[in-house]
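Shown next, in structure tokens, is the structure this report addresses.
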Amino acid sequence: MTTVFGVPVQALLGQLLVGLINGSFYAMLSLGLAIIFGLLNVVNFAHGAFYTLGAFTAWFLLQFAGVNYWGALVLAPLAVGLAGALVERTLIKRLNSLDPIYGLLLTFGLALFIQGLLQNKYGSSGQPYEMPESLTGGYALGFMFLPRYRAWVVVFSLLVCGATWFVTERTRLGSYLRAATENPALVQAFGVNVPRLVTATYGLGVGLAALAGVLAAPVYRVSPQMGSDLIIVVFAVVVIGGMGSIMGSIVTGFALGIIEGLTKVFYPEASNTVIFVVMAIVLLIKPSGLFGRTA
Amino acid sequence: MTSLRNLQMVALASLMVGTVPASALAQAKPPAQAPAPAQPPAQMTDKVIKIGVLNDQSGLYADLSGKGSVLAAKMAVEDFGGQVGGTPVEVIFADHQNKPDIGSNVARQWLDVDKVDVIVDVPTSSVALAVSEIAKTKNKVFLDSGAGSIDLTGKACTPNTVHWTYDTYALAHGTGSAVVANGGSSWFFLTADYAFGHALEKDVSDVVKASGGKVLGAVRHPLNTADFSSFLLQAQSSGAKVIGLANAGGDTINAIKAASEFGITEGGQKLAGLLVFISDVHALGLPSAKGLQLTSAFYWDTNDQTRAFSKRFSERNGGKVPTMVHAGVYSSVLHYLKAVQALKSDADGKAVVAQMKAMPTEDPLFGKGSIRADGRKIHPMYLYEVKAPSESKKPWDYYKLVRTIPAEQAFRPLAQSECPLVKK
């Protein structure tokens with residue numbers, strides 16, 4: 001069997017695919033984070049908590065209302081997105097005029113609050129959430145067994161990322177959004193309701209996080225920690241991609257998933273830290289991030 | 001706003017998540033259990049016997065120890081009557097976040113400033129080993145229930161430490177030898193990369209080799225890993241008949257879940273969960289966990305006494321039954337209080353532990369037992385198999401007994417011990 005640095009090519013291909021799958025989650029989460037940062041200038045630390053809430057909402061819907069996975073895939077992001085919009089309206093908006101550090105502190109507190117509540121009620125081991133019948137099983141690819149559900153995760157998140165990119169970069173609504181980030185006062189003067197736009201955007205970003213949460217529920221457990229385990233990695237992705245850059249977060253999300261997967265083959269002990277090593281290197285070479293626009 | 005400014009914020013944010021304990025509030029002290037008597041006996045160090053429950057209150061081991069252990073310690077105190085010879089007993093707790101530095105700080109603060117007399121539970125072997133050393137230096141008592149490393153009663157043993165519930169030797173000789181006996185002759189390990197995982201991997205490897213099996217390799221994964229698919233792919237390509245999970249809590253759950261998704265067991269490989277708690281089985285659900293063999297010191301549905309205790313416990317623990325760690329905390333606190341009562345003093349930790357070793361242990365959860373010279377508490381261990389969903393008749397009806405491992409076989413024989421206290 002051919003090997004690369006002592007690792008069989010087959011195993012390597014498997015790892016690349018697994019990295020791509022994890023990358024899907026990174027991409028979807030960092031996408032919402034980048035949108036929120038780009039428009040609101042808020043470092044949304046509650047993003048991981050909204051991801052957790054997405055998964056829990058799916059679980060609640062199944063437990064108490066009998067709504068299945070497909071229903072949850074639509075309803076949970078809507079519900080959590082609305083909750084996010086409410087949070088923006090009632091809390092984050094008030095910090096507009098202050099140093100962004102306050103927004104960070106507020107969302108960080110919010111994250112601790114949500115996580116603490118869920119932890120108190122449901123414990124740390126999490127709740128099982130079965131995957132839908134139609135997505136169980138998998139494909140034998142020769143070099144690995146690809147679970148059908150994971151394949152679905154990759155395809156679905158590519159679609160979502162593509163759609164979000166299209167909306168922000170190629171539509172009239174997207175152009176309003178981008179203009180509002182550059183000069184809110186001017187855009188307001190043209191008759192666009194900027195505060196409403198901001199609320200909707202925050203809701204959209206949060207909804208994306210919740211959508212990733214529903215996608216993750218059958219793969220991982222529905223557990224209060226699922227968000228805090230991921231959030232730092234996702235922040236690193238956004239920083240490497242360039243704060244606020246949509247394309248940057250999508251590309252970096254997938255790329256880092258793959259780098260992490262490869263580290264797990266060659267030196268597993270470092271798999272938790274490799275992303276931060278990459279972040280340090282990128283920042284040394286290009287402080288604004290790979291796709292960042294220099295200020 | 002410059003990008004440099006944004007970076008500063010992200011750096012600050014990362015620091016916050018990394019270092020601010022989400023549970024800084026866990027230090028809060030509950031009110032004293034009983035009113036202070038007018039005249040405490042002179043032999044006690046101060047006017048109260050203070051029990052400190054130190055464990056993971058918020059992370060991957062919070063369900064198997066955590067608040068349940070605090071409750072178990074409180075129940076032991078209540079069942080003992082809330083006081084020893086007129087001195088009230090108080091239970092406090094803190095979160096060590098599975099980090100040896102944080103655990104050591106809390107332990108020092110407790111023993112030096114807060115006048116804590118005994119530290120109990122302490123899962124996560126790396127933290128337990130540090131706390132054991134501190135308890136020895138300060139001549140206090142350490143009763144470990146949650147950690148697994150055999151070094152606690154091996155080369156790192158102290159006259160102040162008792163290791164209560166289980167250890168890596170017991171797990172290796174329980175689950176490990178049972179799996180080998182069923183034809184699992186070649187192994188690949190997924191090992192949590194810290195003291196406990198390494199110890200468990202070594203002990204199971206010894207058992208596998210001693211019974212003529214082979215160890216094909218191992219991969220060391222970081223503690224608290226969410227995604228095991230990469231590691232499982234490596235285990236799969238090793239071609240080993242058995243994939244041994246030398247990890248615990250959330251890590252074991254994630255590994256088992258990913259294994260069922262990636263069709264590992266359908267591919268002919270068997271999973272061996274070397275340390276599985278009933279809270280893990282609950283989180284996995286029986287469809288994913290069925291058929292798994294595991295070694296435990298305690299199961300709630302064993303006899304009338306364990307059922308009665310578990311009923312009282314679960315009523316106060318959100319409906320969740322006690323794990324073997326909770327049972328161990330209850331039993332160890334009860335025995336400690338008996339020893340202090342017999343000695344009429346809690347001042348000299350070494351003397352209290354010597355007294356605990358001198359008296360036979362007996363409680364409703366573990367039955368009759370004893371503590372050896374090296375600090376190892378001895379009781380039978382049990383090999384269980386997780387039931388299929390169709391076999392489970394009531395809530396938490398998860399295990400069927402495969403075999404009882406008698407006390408004298410369950411733990412490492414004294415003759416093999418590296419503990420200086422028993423050096424011949």
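This structure is a prediction, so every number in the text was calculated from the model and none was measured. Letters A, B, ... are given to chains in the order of the sequence lines, protein chains preceding strands, and every chain is numbered from 1.
Here the OG-CG distance, from A:Ser124 to B:Leu64, works out to 7.5 Å after rounding to the nearest 0.5 Å. Here A:Ser223 contributes atom OG and B:Asn254 contributes atom CG; the two are 8.0 Å apart, rounded to the nearest 0.5 Å. One distance of note links CG of A:Asn22 with OG of B:Ser230; it measures 6.5 Å at 0.5 Å rounding. Separation of atoms OG (B:Ser237) and CD (A:Gln15) is listed at 8.0 Å; rounding is to 0.5 Å. A distance of 9.0 Å separates CZ of A:Phe145 from CD of B:Glu261, quoted to the nearest 0.5 Å. To the nearest 0.5 Å, atom CZ of residue A:Arg221 and atom CG of residue B:Asp280 are 8.5 Å apart.
Listed for the A:Gln225 side chain is a donor-acceptor partner under 3.5 Å among the backbone atoms of B:Ser58. Checking side-chain atoms of A:Gln127 against main-chain N and O of B:Ala283 turns up no donor-acceptor pair under 3.5 Å.
The candidate with the highest count of non-hydrogen atom pairs below 4.5 Å against chain B, out of A:Met226, A:Glu260, A:Arg150, is A:Arg150. Interface remark: of the candidates B:Leu60, B:Ile253, B:Asp193, B:Thr225, B:Ile253 forms the most heavy-atom pairs closer than 4.5 Å to chain A. Among A:Asn272, A:Thr273, A:Thr136, the residue with the largest count of heavy-atom pairs under 4.5 Å with chain B is A:Asn272.
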Determine, stepwise, if the pair A:Leu146 / B:Phe262 fulfils side-chain contact (heavy atoms from CB on, under 4.5 Å).
CA-CA 7 Å; A:Leu146 175 64; B:Phe262 277 83; 5.7 Å; no
Report the C-alpha separation of A:Glu269 and B:His221 in whole Å, then their side-chain angles, then the decisive distance to 0.1 Å, and conclude whether the side-chain contact (heavy atoms from CB on, under 4.5 Å) test is met.
CA-CA 6 Å; A:Glu269 289 88 341; B:His221 68 79; over 6 Å; no
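If you measure heavy-atom distances from B:Asp227 to chain A, the contacts under 4.5 Å come from both the backbone and the side chain. B:Leu223 touches chain A through its backbone: at least one of N, CA, C or O sits under 4.5 Å from a heavy atom, while the side chain does not.
Relative to the six-membered ring of B:Phe231, A:Lys264 meets both conditions, a distance below 6.0 Å and an angle of at most 45° to the axis.
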